[in-house]
Amino acid sequence: MLDIRKIDQDPETFQSRLAARGSDLSLSEVTTLSKRRRELIVRTEELRHQKSATESSMKTADKKGPEFATFRDQMRELSKEIKELAHTLKDVEEQLNAAVLQIPNLPDEDLPVGNSDTDNRAVRDEGTKPSFPFTPKEHWELGEQLGYLDFERAVKVAQSRFSVLKGPLARLERALIQFMLDLHTETHGYTELLTPFLVNYDSMQGTGQFPKFKEDAFILERDQLALIPTAEVPVTNLHREEILNGAEMPIRYTAYTPCFRREAGSYGRDTRGLIRQHQFQKVELVQFVRPEESDAALEQLTSHAEEVLKRLGLHYRVMLLCTGDLGFSAAKTYDLEVWLPGQNAYREISSCSNFRDFQARRAGIRYRPEPNAKPQLCHTLNGSGLAVGRTLVAILENYQNEDGSITVPEVLVGYMGGKTVIK
RNA sequence: GGAGGGGUGGCCGAGCGGCUUAAGGCAGCGGUCUUGAAAACCGCCGUAGGUUUAUCCCUACCGUGGGUUCGAAUCCCACCCCCUCCGCCA
């Protein structure tokens, strides 16, 4: 959520910066409602002031005298008027709030301006593409040939876009989760969390999924809960409506969760394989930091996600997203794209974003810089560290052998019970 | 799911129609004292909104939303959450 007062001060600047990310949203509704809101507040406060003055006169007045009766009639009038104004004010505030919640975050100034992923800027790449003396296969082919990846039975059990991993591939998924969590907790200093996988609507609004992207979520209407689309939701909302202790910042959390997405609007894309599923597993990194530290924190958090790829020996590149490709809540995002030789393409495996105070304002996440100082909004960041299913895909495709077997990356051998080859 | 009890500032906790400007305590911050620290004493110390250069000032907030009343933290209703017991259960 953007700062309404800042929009009031300079709507033109906001309008033009929002235009950079392709939003043609008009801010005039916001400024109009905001003005109306202030007028109503001033008027109700005047009346309330009168009311409390009258009330204290009544305390001492003779309860049976004619004076008391006059006061009582005045109070009756005032109360009625205040009640009406309060209702109108509430109405206006709800409209204003609803309007502001629809507005995406402002992109940072240093982003490439563009409309789509073709305008993203490659920042760096690490590692090298492996070469194969044979034509590398795609992961779904490898997995199904090995008999450890089953899409057909997943349809029977659930629906399309679900999958079943079996035997060594199920273990590989678990090994990856364990490996990532160990790295982030033991080397990068994150605290591990295991959170609810269902969250309430307030949480979904706090991180920006609701109200605008409600159709993308799996919702349990009866219980007023949503399946989490990412661990970002329960982890960031952990501190919703809290004032954090500045001395304990930055706060860094990592959490493994399954993630559930309807993938509405992506029909026909990536229908084959594990790339785009309704359920996938992910290890997430989340940070709560002081505003002045968030730029550095994004670089650091991104490097933490990259470290996973480096240790797994996977070639990847880092893309700085252009203004038009930015997610709703993000001010700046780096995507990590891993090389998939079977698909002969780079695919997104992590997305690391700085949300500045956008989520913090929605969710009321503040901190006290010094004891007794005024609370202020903190900055939130998060990134995948990494998407586990896509990491498994990358291992299958990059570590495949001509006979269809898969070499286990060295760092995972211990997590695989000593197994060095999946066949 | 059923019965009972309860939600008051960062925490504990009093208040149960107008003497609340939400007592008191703890924690925190500043000061006196001290070689230093502790203790003691003194002072400050909730959040948000409006106004303002700023101070000031004003208004709201006692789980949430309604209602009763001239007036609600206080009475009534609904909902949410927590605790205890029962039921169910990995």
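- Atom-to-atom, CD of Gln376(A) to P of rU47(B) comes out at 13 Å; the value is rounded to the nearest Å.
- Between rG30(B) and rU21(B), the distance separating the two C1' atoms is 24 Å to the nearest Å.
- Taking atom P on both nucleotides, rC76(B) is separated from rU59(B) by 29 Å, rounded to a whole Å.
- Arg366(A) has no side-chain polar atom (N or O) that falls below the 4.0 Å cut-off from OP1 or OP2 of rU47(B).
- Between Tyr367(A) and His379(A), the gap from one ring centroid to the other reaches at least 6.0 Å.
- When distances are taken from the side chain of His49(A) to each of rU47(B), rG50(B), rC58(B), the shortest belongs to rC58(B).
- Checking Ile243(A) against Lys51(A), the closest nucleotide of RNA chain B that is more toward the 5' end is the one next to Ile243(A).
- The CD atom of Glu242(A) sits 15 Å away from the C1' atom of rU47(B) (whole-angstrom rounding).
- Between rA73(B) and rC89(B), the two P atoms lie 46 Å apart (nearest whole Å).
- Taken residue by residue, residues 72-85 of chain A places heavy atoms nearer than 4.0 Å to RNA chain B at Arg72(A), Met75(A), Arg76(A), Ser79(A), Lys83(A).
- Here the separation of rG50(B) from rU55(B), taken at their P atoms, is 14 Å to the nearest Å.
- Rounded to whole Å, the P atom of rC41(B) lies 12 Å from the corresponding atom of rA27(B).
- Look at Asp357(A) and Arg366(A) and you find no salt bridge, because none of the NZ, NE, NH1 or NH2 atoms lies under 4.0 Å from a carboxylate O.
- Side-chain atoms of Lys374(A) lie closest to rA48(B) of the nucleotides rA48(B), rG50(B), rG65(B).
- rC81(B) and rA23(B) are spaced 31 Å apart, taking the P atom of each and rounding to whole Å.
- Between Glu45(A) and Arg48(A), none of the side-chain N atoms (NZ, or NE/NH1/NH2) sits under 4.0 Å from a carboxylate O, so this pair counts as no salt bridge.
- Using N1 to N3 plus N6-O4 or O6-N4 for Watson-Crick, or N1-O2 and O6-N3 for G-U wobble, each under 3.5 Å, rC85(B) pairs with rG2(B).
- The side chain of Arg48(A) lies closest to rA60(B), out of rG66(B), rA60(B), rG50(B).
- A straight line from CD of Gln50(A) to P of rC58(B) spans 15 Å, rounded to a whole angstrom.
- The pair Arg311(A)-Glu307(A) meets the salt-bridge criterion, since a charged nitrogen lies less than 4.0 angstrom from a carboxylate oxygen.
- Under the 4.0 Å criterion applied to side-chain N and carboxylate O atoms, Asp8(A) and Arg5(A) are not assigned as salt-bridge partners.
- Summarising the geometry, the separation between CZ on Arg361(A) and P on rA48(B) is reported as 13 Å, rounded to the nearest angstrom.
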Exercise. Checking side-chain contact (heavy atoms from CB on, under 4.5 Å) for the pair Arg37(A)/Gln95(A): CA distance, chi angles, key distance, verdict?
Worked result: CA-CA 10 Å; Arg37(A) 170 177 165 275; Gln95(A) 287 175 46; over 6 Å; no
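- rC79(B) is paired with rG63(B) under the Watson-Crick or G-U wobble criterion, all donor-acceptor distances under 3.5 Å.
- The side-chain contact (heavy atoms from CB on, under 4.5 Å) with Glu284(A) is formed by just one residue from the set His184(A), Met180(A), Glu232(A); it is Glu232(A).
- In this structure, the CG atom of Asp223(A) is 17 Å from the P atom of rC79(B), given to the nearest Å.
- If you look at Phe151(A) and Phe162(A), their ring centroids are not closer than 6.0 Å.
- In this structure, Glu46(A) atom CD and rU51(B) atom P are separated by 12 Å, rounded to whole Å.
- A straight line from CD1 of Ile41(A) to C1' of rC57(B) spans 17 Å, rounded to a whole angstrom.
- Regarding contacts with the backbone of rU47(B), a side-chain N or O of Arg368(A) is found under 4.0 angstrom from either OP1 or OP2.
- Pairing for rG43(B) is with rC29(B), a Watson-Crick or G-U wobble pair whose two hydrogen-bonding atom distances lie under 3.5 Å.
- Contacts of Arg43(A) with the nucleic acid, taken as non-hydrogen atoms under 4.0 Å apart, are absent.
- Rounded to whole Å, the P atom of rA38(B) lies 14 Å from the corresponding atom of rU32(B).
- Taking a cutoff of 4.0 Å between a charged side-chain nitrogen and a carboxylate oxygen, Lys332(A) and Asp108(A) do not qualify as a salt bridge.
- Glu45(A) places its CD atom 16 Å from the P atom of rA48(B), with the value rounded to the nearest Å.
- rC75(B) and rU8(B): their P atoms are spaced 15 Å apart (whole Å).
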